[in-house]
Amino acid sequence: MSVFAFLMDLARKEFKIDSLSGRGRMDFDRPAGLYIHIPFCSERCDFCPYNKVRYDPEVAAIYPQALERELELQGVKSFNSLYIGGGTPTLDMDLLENVINRFSNSVDGELALEVHPADATAEKLERIKRTGIDFVSLGIQSFDDHTLRKMGRKRQNATLSREAIERVVLAGFGFVDVDLIFDFELGSESTARDLEIAMDYGPHQISVYPMMRFTGTALAGTKNDPERELQVLEILEERARNRGYSRDTLWTFKKHGESKRYSSVSREFFLGLGTSASSFNGRQFTTNTFSLDEYYHYIDRGRIPVRRVIEMNILQASLYYSFWALYGGELDLERLRSLFGEPDRRLSELLELARKTGYLRQESEKLVPTKKGYRELHKIEEWLTYNFIDVIWTELREEAAKRPHTGSAW
Ligand code: SF4
């Protein structure tokens, strides 16, 4: 059996998604990161699957307080990082400052923020820096007008992309990540050009994600082509290497010698606050309601706004953990044992099979994906996206659509 088939079989049999609401708090007995979702946007990009609502200052004004109340309900006091994403967290700077002021004192680690290129003005960047944010991820997606139009990015064009990256890199943040999206349908040259332009400005990290075709977006109904995507990624990896960047995680390239990482997706354990935010404590993976109305309703009544839960046994949790560790470039077997005990026989067999068949190589106590391993991880990540994330998000989006709408419609 191939590694891919083995894993799919295990995941299908083992993971069950439960629909629960108003559950109790999650216990975190290990250091965790904090993620805060700010769902407000002034536009709706056609490709976007993320939870968002049209920005309305009145509706948004009570959001920071609701987030704080949610944290009180969860009862977690300290975190090893803060990542803020959305939505467009940089749209309303007063709201953003309010959020950061409420939470930054409980964080010992990086303060990280997604920045929309249209918000990367000198004035906003200065305000962002004053909040103590030192890691930023600039959501450029592309430097090409045709590609941006295809994505339905209404606040952005190619000129603005270049101005934004220049300003962010020169603003003096401790770490700058630039996000690009590539669509195999556009061929490798347009993505390679985007990567070259990003590298011209010298950010610390460049993330290159394949365009995913989520339900409910303009691209729904079309399909990814992993083989063609992998061809594009190989070209990108070579171009990156020629310019002093190397592959750091499945879909990121980092400047040689850079030790830090913008890592919103591959943290070990995390508590998510806000609509649609997910949490993982090593035993449960939960996702909050997508409805802002329901979110406020739960918080008002002192209930935790969770809508979906995956309860994990040790095998499931260690499998989940191992996948994300490999996505992040290495699985430390000692760390795995210290967190989850001796690996379950099926996980050990899977890792051994992956090592013997050349997907992973062992470096003392660490397992590291080989080139062939990264190819497999790419396919697995897409499979997981469509079989778990898209399923949960679609259900939650449909449930949210049935609730009264808080704020103005699109
Ligand atoms: S891509 Fe970003 S700005 Fe566009 S709709 Fe999605 S969350 Fe909003």
Side-chain angles (χ1 to χ4, degrees), residues 35-57 59-60 63 67 83-93 95-96 99 112-121 124-125 128 136-158 160-161 163-165 168 177-183 186 194 207-220 251 262 264-265 272-278 287-292 295 385 389-390 392-394 396-397 400-401 405-410:
Y35 170 73
I36 293 180
H37 187 80
I38 300 184
F40 307 105
C41 286
S42 62
E43 65 176 344
R44 192 163 57 166
C45 307
D46 299 342
F47 74 98
C48 172
Y50 304 112
N51 171 246
K52 67 261 176 200
V53 293
R54 184 186 276 284
Y55 173 63
D56 175 333
V59 174
Y63 196 70
L67 292 170
Y83 279 78
I84 302 176
T88 314
T90 47
L91 191 60
D92 179 337
M93 286 302 299
L95 177 121
L96 177 66
V99 169
L113 172 71
E114 281 173 15
V115 176
H116 192 295
D119 294 327
T121 61
K124 282 196 175 182
L125 292 175
I128 291 167
V136 291
S137 173
L138 181 65
I140 286 283
Q141 322 309 358
S142 177
F143 293 96
D144 176 65
D145 277 328
H146 170 70
T147 311
L148 289 167
R149 271 198 302 276
K150 196 163 181 263
M151 291 175 188
R153 294 282 278 180
K154 299 173 187 78
R155 295 176 73 206
Q156 187 187 353
N157 59 31
L160 189 132
S161 294
E163 289 168 357
I165 190 172
V168 169
D177 164 73
V178 170
D179 274 4
L180 301 174
I181 294 184
F182 75 96
D183 191 344
L186 295 167
D194 278 344
S207 305
V208 188
Y209 300 102
M211 172 68 82
M212 301 302 278
R213 298 156 144 78
F214 282 89
T215 308
T217 67
L219 292 154
W251 289 330
Y262 191 102
S264 52
V265 296
L273 301 179
T275 57
S276 79
S278 285
T287 306
N288 280 354
T289 176
F290 272 44
S291 157
L292 185 59
Y295 180 75
T385 298
I389 299 173
D390 193 30
I392 296 176
W393 287 6
T394 302
L396 290 176
R397 214 174 15 248
H405 189 74
T406 298
S408 32
W410 289 101

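When a ligand or atom number is given, it counts from 1 through the structure's own listing order. No hydrogens, no waters, no symmetry mates; every other heavy atom, side chains included, goes into these values.
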K.L.:
May I ask you to decide if Gly86's main-chain N or O and Glu114's side chain share a donor-acceptor pair within less than 3.5 Å?
P.N.:
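Indeed, once roles are kept as given, a pair shorter than 3.5 Å links the two residues.
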
K.L.:
If you round to the nearest 0.5 Å, how far is OG1 of Thr217 from CE of Met212?
P.N.:
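Rounded to the nearest 0.5 Å, the CE-OG1 separation comes out at 10.5 Å.
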
K.L.:
Between Cys41 and ligand 1, which residue portion shows a heavy-atom distance shorter than 4.0 Å: side chain, backbone, both, or neither?
P.N.:
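For Cys41, the contact with ligand 1 is made by the side chain alone.
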
K.L.:
The criterion is salt bridge (charged side-chain N to carboxylate O under 4.0 Å, His left out); which residues satisfy it with Arg397, sequence neighbours excluded?
P.N.:
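Residues passing salt bridge (charged side-chain N to carboxylate O under 4.0 Å, His left out) with Arg397: none at all.
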
K.L.:
Within the distance-only criterion (no hydrogens, no angle test), does the side chain of Lys124 pair as donor or acceptor with the backbone N or O of Leu91 below 3.5 angstrom?
P.N.:
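Side chain of Lys124 to backbone of Leu91: a pair is present.
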
K.L.:
Any N/O/S atom of Cys48 sitting less than 2.8 Å from atom 4 (Fe) of ligand 1, backbone or side chain?
P.N.:
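For Cys48, the answer is no, given that no N, O or S atom comes within less than 2.8 Å of atom 4 (Fe) of ligand 1.
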
K.L.:
Kindly write out the residues that satisfy side-chain contact (heavy atoms from CB on, under 4.5 Å) with Tyr50, not counting sequence neighbours, or none if the list is empty.
P.N.:
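side-chain contact (heavy atoms from CB on, under 4.5 Å) list for Tyr50, sorted by chain: Cys48, Trp393.
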
K.L.:
Should you measure from each heavy atom of Thr88, which atoms of ligand 1 turn up under 4.0 Å away?
P.N.:
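This gives 3 (S), 8 (Fe) as the contact atoms.
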
K.L.:
Report, in ascending order of atom number, the atoms of ligand 1 lying under 4.0 Å from any heavy atom of Glu43.
P.N.:
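So the atoms of ligand 1 that pass are 3 (S), 5 (S).
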
K.L.:
State the atoms of ligand 1, each with its element, that fall below the 4.0 Å cut-off from a heavy-atom position in His116.
P.N.:
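Within the 4.0 Å cut-off of His116, ligand 1 contributes 3 (S).
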
K.L.:
With respect to atom 2 (Fe) of ligand 1, which of Arg153, Arg44, Arg54, Met151 exhibits the smallest heavy-atom separation?
P.N.:
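Nearest heavy atom to atom 2 (Fe) of ligand 1 lies in Arg153.
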
